[in-house]
Amino acid sequence: MSFFKFCPNCSSQNVEFENHRRFECFDCGMVYFQNVAAAVAVIIEKDGRILFTVRNREPKLGMLDLPGGFTDPDETSEETCARELKEELNLDISPAHFKYFKSQPNDYLYKGIPYKTEDLVFVAKFPEDAELKLEKSEIQSIKWIKKSEINLDEIGFDSLRKAVKEYVE
Ligand SMILES: [Zn+2]
């Protein structure tokens, strides 16, 4: 598939978008890079179980996911973790309490446009007496799954499947 058929600067069709990464217009010389997007995912643990969300939107509707999302401009990855957990689950965890675990590249197809992301996976403890409130447009439900009982095939994204596998091993 192809997108960006025209140059956004001069409307020429004499363009190339190699690997959906480097866009070049051969008429006006415009060059645009679609760079890798930073994103986070958080492994939240409590009593030997990990908190998974069930996706309520495409891509990977109905599959297991970890809470998280794309980093906003001028945000640290730890701040992304804190903001996303607040938005998705109404969970209050301060940025200082996320421990970096590992990174994993991912493909994220959204409305026909393929994005390359770098998912930074963090670990956090579930705060005592926290009450979850789900962002229903994004999350159908949550599941606390024992580390020994996680079915990796139910996890939607390859990147997170690898990270969870490594984490529980
Ligand atoms: Zn142009």
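Start at 1 and go down the list; that is how both ligands and their atoms are numbered.
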Strictly under 2.8 Å of the Zn ion (ligand 1): which protein N/O/S atoms qualify?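 C7 SG, C10 SG, C25 SG, C28 SG, with waters left out.
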Transitive ILVMFWY cluster of L134, excluding itself - 4.5 Å side-chain cut-off: V40, V42, I44, L51, L85, L89, L91, I93, F98, Y100, L120, F122, F126, L132, I139, I142, W144
When rounded to the nearest 0.5 Å, the distance separating CZ of R21 from NZ of K116 is 10.5 Å
Nearest 0.5 Å please: distance from the CG atom of L109 over to the OH atom of Y115. 9.5 Å
Here's a test for you: under salt bridge (Lys or Arg N to Asp or Glu O under 4.0 Å), which of K133, R83, K86 qualifies with D92? K86
Who passes side chain to side chain donor-acceptor pair (under 3.5 Å) against E169, sequence neighbours left out?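 By the side chain to side chain donor-acceptor pair (under 3.5 Å) rule, E169 matches K165.
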Please tabulate, for side-chain N and O atoms in residues 22-38, each donor-acceptor pair with protein atoms closer than 3.5 Å (sequence neighbours left out).
from : atom 1 : to   : atom 2 : distance (Å)
R22  : NH1    : E24  : OE1    : 2.6
D27  : OD1    : N14  : ND2    : 3.4
D27  : OD2    : S12  : OG     : 2.6
Q34  : NE2    : P114 : O      : 3.4

